[in-house]
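To keep things clear, I will list the structure first and then write my remarks on it.
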Amino acid sequence: MKKSANKFKTSNKETSYVHLGSLLVVSGPSGSGKTTLCRRATEAGLCQYSISCTTRDPRPGEEDGRDYHFLSMPEFERRVAQGEFLEHALVHGNRYGTLKADIVNMLCKGINVVMDIDVQGADQVRSCDNETIKQAYADLFIHVPLKELEARLCNRETDSEEIIRQRLNNAAGEMARLTSYEFLLVSADRETDYTRFSALLTTLSLRTKLIDSKTL
Ligand code: 5GP
């Protein structure tokens, strides 16, 4: 492995350690603002946004490789069969997944990573047996009351009425899972949410997450 800023020794002994980046898994119902928070923290240089793969169609303004890797169903299935995904799930009728190699590479370089994924994907990452991911892992659930959520989804005008209904129906199930998460952010307003979110990222990056460089 190349010598880098996050590689160091804790004593004069031979063992050298790599200080891993943090992996923050962020879940919450559609409309909770999790993507906006993750993107803003990425722009501020606090972390790197994990770009997922999906089989859904791009929304207006979305770009391949920036918002998602937009894959055909056969291509998505090929990658599942190759074992390339750290996690993958069917969400709102479309398939979504995170490429394992992308995440591990960033963590080993000391980069903090945020993953904006649903509750099924979070379960898979939480129980994964990869040592780097286990060391780096933390999770956050963003909660929004259902009435407020409905107002937000209608206001953003990106989805049809049918899709909004489907997302609201799923929201109750997702919210029932919030006790599985270590951190909980009850959404208030945009600025308050971001202040809390960025404080969490900063705190997580200060955890001692050392891994023996020989194991990488
Ligand atoms: P959207 O279609 O609105 O971008 O995302 C719909 C849902 O899919 C959101 O709850 C989002 O967090 C989730 N999602 C996005 N990427 C992934 C992924 O890679 N894995 C999983 N499990 N869920 C994802």
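We count ligands from 1, going down the list as the structure has it; atoms in each ligand are counted the same way.
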- prompt: For residues 184-199, which residue pairs qualify under salt bridge (charged side-chain N to carboxylate O under 4.0 Å, His left out), counting only residues two or more places apart or in two chains?
  reply: Arg40-Glu191
message: By the definition side chain to side chain contact (heavy atoms under 4.5 Å, CB included), identify the one residue from Val113, Leu200, Asn112 that meets it with Leu24.
response: Leu200
message: Closer than 3.5 angstrom, by distance alone: can the side chain of Asn170 be matched with the main-chain N or O of Pro29 as a donor-acceptor pair?
response: no
message: Side chains of Ser16 and Lys7: any donor to acceptor distance under 3.5 Å?
response: no
- prompt: Are Thr54 and Asn94 close enough that a side-chain donor and a side-chain acceptor fall under 3.5 Å?
  reply: no
query: Within 45° of the axis and under 6.0 Å from the centre of the six-membered ring of Tyr49, does NZ or CZ of Arg66 qualify?
result: no
- prompt: In order of chain and number, which residues sit within 4.0 Å of ligand 1 by heavy atom?
  reply: Lys34, Ser52, Arg56, Arg59, Tyr68, Glu87, Ala89, Val91, His92, Tyr96, Gly97, Thr98, Asp116, Ile117, Asp118, Gly121, Arg167
